[in-house]
Structures are given as structure tokens and as C-alpha cells.
Amino acid sequence: MADNAPLPRPQAGPITSQLGRREPDYLNGLNPEQRDAVLTIDGPLLVLAGAGTGKTRVLTTRIAHILTTKRAWPSEILSVTFTNKAAREMKDRIARFVGASVEGMPWLGTFHSISARILRRHAELVDLKSTFTILDTDDQIRLIKQLLAAENIDEKRWPARQFAGMLDAWKNRGLLPKDVPASDSGYYANGKGGKLYHDYQARLKTLNAADFGDLLLECIRLFRENPEVLAEYHAKFKYMLVDEYQDSNTAQYLWLRLLAQGKPASEANICVVGDDDQSIYGWRGAEVDNILRFETDFPGAKVIKLERNYRSTANILKAASTIIANNEGRLGKTLFTDIAEAGEPISFTQVYDSEEEARTVGEEIEQYQRQGEALNSMAILVRASFQMREFEERFITLGVNYRVVGGPRFYERKEIRDALAYLRLVAQPADDLAFERIINVPKRGLGDSTVKMLMETARHQRVPLLQAVRMMVETEDLKPKQRTTLRSLVAQFDDWAWRSESLPPYQLVEHMLEESGYMDMLAADKSVESEGRKENLKELSRSMEEFETLGGFLEHISLVMDRDSADASDAVTIMTLHSAKGLEYNTVFLPGWEDGTFPSQRSMDETGRAGLEEERRLAYVGITRGRKRVRISAAQNRRIHGLWQSAIPSRFIDELPPDAVEVTDRGSAYGGYGYGGGATSRFNKADPFESVYETPGWQRARANQSNRKGGGPLTIDGDLVARSVDLGGQSSGYALGERVFHLKFGYGEVIQIEGNKLTIDFEKAGTKKVLESFIKKG
DNA sequence: TACTGGCTAGTTTTT
DNA sequence: CTAGCCAGTA
């Protein structure tokens, strides 16, 4: 963590210099609502900030205001964000207001980094040591696999990933092992889910480790079980601020509530900022309800809506607002702008296939570039990452510079994780997961059987693996070859541990990689990737230069996993809609607006109407990223899982306001079948919304369905799916005991029904949970 | 212990 | 289609 360093005492200078003025500088240029949000600092406050309405500005100015009016010291403000990027941006902006003295805002950070900080202070109260390791998903899976093996659970049938997902969901909901309802834990591995969770937690304690979920969950437990600790934080935090509140999950909500309990709810100095229309992480446990319920949680809360948009043209705002208006259960905001000119209409282009889509987008990008637009000001936002490849390929042939945001992150790359495992083991010799990772990397001739033996000893003696190695090399149990290898490995680690006292971390890692043979391994590797891997390791060492202690660096990498694209070159950005939240571009391309792709079929199948609404919010996020220009496209044909499928334009196209949209249909020119009677026809109707279900898109959707082979249930209809989900299993088209047929699994019998998910005992494939839409009556 | 073919599964991912 | 994982073989 960058702010781990001792804090400089805040300087009174810049603060007092602001006092005595009637109208501080930082209030200049704020609109009335923004100003209100900045100045209302006592009592609960909910700021509903639509896209591009100056949310971050309000948040940072508010902090600046609290500081300059001396209502609190930097260390007395708790300010929470979801991403490191947001935290960093806030720090930078506050520093600009108040001067460098704020560099030391120690409690400005992500939920996770702040929780980790608190936990390290009171680690012993939650059965950890303050040096505990933070596990990432990779370690988590490895650990779960071990537990599954110990329980003799078939990994094929009960994948570790699935259990990791369940664990995550439980922790997101703030549930300790004892709190998980039996109906929940009973499902996995025939009722062993609860026990596994319990064992998993126990294992974490012996490893002196916590996973991401634990950072919050254990913090909550700490507060609940130790009121005196909680009281300490009540006294400490005079003001609380939360960014992107719509993305908070139950655990984060509980965490905040506990910390806000120092005062009666109606007097809590808590300010949450968010936009219910940009809640796109429901599938990850985010509860939009948290923001919708704020006024109930904190009675008398003031609500301020920021609706004046400073980013986009009127046409873009109109399109976004019209689409999002189709959602129910909103707090209801409408964006508006002062800019008189409507700007370019949103364009919608239908193309023959995804290849042509990439070609078209490529051409347009080159055209805008010729007109003087920087590639940096253009972005392609896709629903799913598989859509990216086609654009990348096209840009390579065109020679257009591009940058992909997302994908495997730097710290998740294999070679980086290997290097980190070496470092972790030096910092924490009890880190068994790290040990297992590198014991045979590079290859040392220490295979499964040796590792098994070591683990056996470790378990019996109740010591970490590295310690078990020390014991084993003194016995005759190992084969001579392995014994020699292990002996020198231990000696190496002792040497590294000793060196770590004097060498700065970046030199230590270079030394270790060289000495361990890792670099030799890469040098011997003739594959294309090995060069890149070496580069990455160099980059790792470079990034470590600013850290003085190994512990400080490790904390940083486990929590601050951001992929800083330090790349300053001019390039088009390709990324998912999810990662685009919070960003803006002059020109935004939104390809792949086909029903099934976007909105994604799976979202609708799994969560029905709620899923569709979240997809719609994604559309809203996508459109509002554009400042000047938004260009939507849909392919008539797309290859999914290797086979070509014809697709109809997204239902969201039908929800766009016709007078802000311009339609072209390139697809028909290529002999593809267009839809309706000419591309623009449907937008010429007096009121395209008089019946949404009569629009060509829908008619085609319906026609498509009745033609589907097998004539399965209408899964494309959000309403129908939603109904079956909402009624909690009563409305399934299937009955318990019914014989059904699944294209892949064959015949089987329905043994459980949950909404549109059926558990079926297949004759050949065993028991599986499948979506109703994938089966038919047998 | 290390490699290679066959098989399976296949959204979104702030920490 | 294709990438990642496991099981069987050298």
C-alpha cells in the first residue's frame, strides 16, 4: 500500500490561509446542486449523480471543504472507493485543492485496503498474525482443490471454481460458516458445502492468510465481537464518504453500518454517492437495494440529485435516458445539458457479420483520424471479451494502433505469480501455497510423490511445508536425489531470507530469479512467449524500486492490482462495457448489439427481468461514455462457439428514441437478410413505443423462435423468463419426476426445480443443474 | 517425472 | 473454434 509510509503531520499553513474568506475558491464553478452537496456536511446525505455530472468533483471538493474549514483532520475522514484507480484519483484531486499535506489521508482507499489496514492492527482478535498473507483467486482455487481431494469429492462433478464462486457469494453476503443457510450449503457436493466452508476457513488460519472476502468479513466479525475496538473507530472517524455506493454488497454495507453506528442514524455524518442506473455488478453480489434504501437506513437523510451533464451531446443524453427509462425500480433521474446543439445523431448500423463489423469500425476510425481526431479519444466497448479479437485482428491488418484494457492482469501472469511466490515465501515461510507453487518451478525433479510425502509430514507434525522439508532432509525417507535437491533449496531460501534484510526488494527478486534457475528456464524456453515473460519480470523488478520493504511491496501487489497503462502512445481503446464505467471518449463504438449477445442471453436466463435491467444499465453506461459521437452496430450473423448463428438486433435498439438516431443498413447490401421493410422504416412510425412488441425486431425475434428446432421455451422474452424466476419455482413448465431430454446430456428425470433452473438426474451424465431453456420434454 | 493428445466448456471481474 | 486442463504414456 502506497500510503503505508509514516504520515507527515498535516501542515496548518495552507488550511488556515483559506479561512476568513467568504467564498472559498474551491466553490467556484460548482452548480447549485453540487455546491449543496459539498456544503451539507452534517448528517446523512445521499448524492445521486448521473453519468458525467461531476460526481468525483463533488466528492473531492467536499473533502477539501471539510479540511479547510477544519472540521476534521485528514486522519479523521473515512473515504471509501471500490477501485484503487478511484482512490488514487481522489487523492490527487484533493491534493490539488489543499496542497500536499493531504498526501497523508490514511483512510482514503478501497474497502479492501482499509479493511486490511484495520485487520493488521487487530489481527490477533480474529485469529491471525499481523503479517497475514492476502490470497488471490489462484491461491484460493488451489486450496479448495486440496480440500476437495481430502474429502474425496469428484472434482469433475463439483468443480473447485464453482465452490470458489459460492464462497465468494457467501462472503459478499456477510455470512460466516455458521450463518450459511443449509439450503445454500447443502447443494454443493451433496451437502458438504457447509463443512468445506468451515474447513476452508480453518485452513486459512493455519496458513495465516485471508482471502479478499475475508478482509471485509473478518473486519465485520472484529467489530461485532469487540465493541471496544469498534468504539475506537467511531471516535476516530468524524466523517464518512462512500463512492459508487450502488456497487456495494451486503458485507460492505454491514461494514459501513457498523462504522456509522457511533451516532444515531439520523445524525451520522455519512455521505454516499452513486447512481442506481449504473449498477452493473449485481452478478458479483452488489445490492442496488443499498442505495435505494439509504433514506430508510438513515432517517432524515438529505437527497441531492445531480442531473446536469457536462459530458455528452443532447442526442447522446436523450438516447441514454430513453433507454434507461424502461427500467423499473429506479430512483429516477433525467440527465440534461446546457449545450444547445443536439450534436450528431446516434448511429445504428447493421452489418452482415462480425468481420464486416470490425471492417466498418476500422474504416470509420481511420476516417475520424484523417479528420484530426486522436485515436486516444476513441473507444470500442464490447459486452464480452470474445468480441475483442475480431477488432484486434482488423486493427493489426490496418496498422491502427490499439490498446486492450482488461484481460489477464499484470500480476496474474504466470511468471509474475511465480516470482511473487518466491518473495512471499521469504517474507512468510509458512506460506504453503506459495511453496507448492514453486517447489518444482523451475523443474527440479520434485514431482507429485515428493510433494505428497512432504505434505504428509507437514500435516502430522503440524508445521508448514518449508519446515517439513527441513525435517525430511534429515531422515532416510526421501530418495537421495530429492533429498539433495531439497537440501540445497532450503539453503537457498535461508540465504535469500538473510539477504532480504539488506537488499532492497527489487534487487532481491532479481537475485532470486537468477539463483533459482528461473531465468535459465526462460532462456531455454524457445517459445514466443518467453521473451515477453522476461520483459514482464524486468517490469516487476522496476515496479519494486519504490518499495523499501518486502512486506510493503507484497501488501501493495495483493491489494493494488491495477493495470496501469503507462503506455502514452496514441491508440484506440478496446474494452468491455464493465471496465468502461467512469471513463469518457469523444467517439464511442458499441458493436454487437444483438439479442443474446447484448443483452446477454445468459443474464436473462439466470436472473430474468433483473438481469435484463442490468443489461440495460450496461447499455446506459455504454452510451453515456460518449462525448460527441456514439456508433452502435449489430451483426446479422455471428459465430458463437464455432458455429454460425443468425442474430436479430438488440431489443435495446427498439428502445432508442427515433429522432436521435440515424440508421444505416450495410448488411442488406451484402445480400444478408435485412429485417422489416427497409432499415429505417420502423423509426418512421409516429410512435415507435406504442407497442414495443410490434417493432420489426420483436417480430423477427418471435418468428425466429417458432422456427427454432426443438421449439423450446421462449427464453428470449425477458418477461416470460422473469416470471418463472420471480415465482420461485412454481411456474416452471416442468414437473418433478418428469422425463426430459437435453441435447448434450440425453434423457433424465427432473428432481428439483428452482425457478428456471432444473436439477436433473440424467441417465448417462449423472445429476446436473441445467437451465430450463436447454431441455425439452422427453 | 515430463510430455502430449484428447476432451470439455465457453459473460461481465473494481478487490 | 480454441484454450486450458487432465489422464495416459514414454
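Below, chain A is the first sequence line, B the second, and so on; all start at residue 1.
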**Request:** Nearest whole angstrom, please: distance from the P of B/dT15 to the CH2 of A/Trp283.
**Result:** 12 Å
**Asked** Over how many whole Å does the gap from A/Asp138 atom CG to C/dG4 atom P extend?
**Response** 13 Å
**Item:** Nearest-Å distance for atom pair NE2/C1', residues A/His556 and B/dT15
**Value:** 13 Å
**Item:** Among A/Glu594, A/Gln645, A/Glu390, the one residue meeting side chain to side chain donor-acceptor pair (under 3.5 Å) with A/Arg638
**Value:** A/Glu594
**Message:** Nearest whole Å is fine: how far is B/dT12 C1' from A/Arg617 CZ?
**Reply:** 13 Å
**Prompt:** Whole Å only: how far is the CD1 atom of A/Ile141 from the P atom of C/dC6?
**Reply:** 11 Å
**Message:** In whole Å, I'd like the distance from the CG atom of A/Asn249 to the P atom of B/dT13.
**Reply:** 18 Å
**Fill in**
Of A/Leu618 and A/Gly447, the one whose nearest nucleotide on DNA chain B sits closer to the 5' end is A/Gly447
**Message:** Looking at A/Gln278, is its backbone amide N or carbonyl O close enough to the side chain of A/Arg617 to form a donor-acceptor pair, meaning the two atoms are under 3.5 Å apart?
**Reply:** no
**Message:** Please determine whether any donor N or O and acceptor N or O are separated by less than 3.5 Å between the side chain of A/Arg284 and the base of B/dT15.
**Reply:** yes
**Item:** Charged N-O contact under 4.0 Å between A/Arg394 and A/Glu355
**Value:** no
**Prompt:** Which pair of heavy atoms, one from A/Tyr518 and one from A/Lys414, lies closest together, and at what distance?
**Reply:** OH-O, 4.4 Å
**Request:** May I ask you to decide whether A/Arg437 forms a salt bridge with A/Asp139, counting only side-chain N to carboxylate O separations under 4.0 Å?
**Result:** no
I'd like a list of close polar pairs between nucleotides 3-5 of chain B and the protein, N/O only, cut-off under 3.5 Å.
none

**Request:** Please work out if A/Thr576 contacts a base, only the sugar-phosphate, or nothing of the nucleic acid, heavy-atom cut-off 4.0 Å.
**Result:** sugar-phosphate
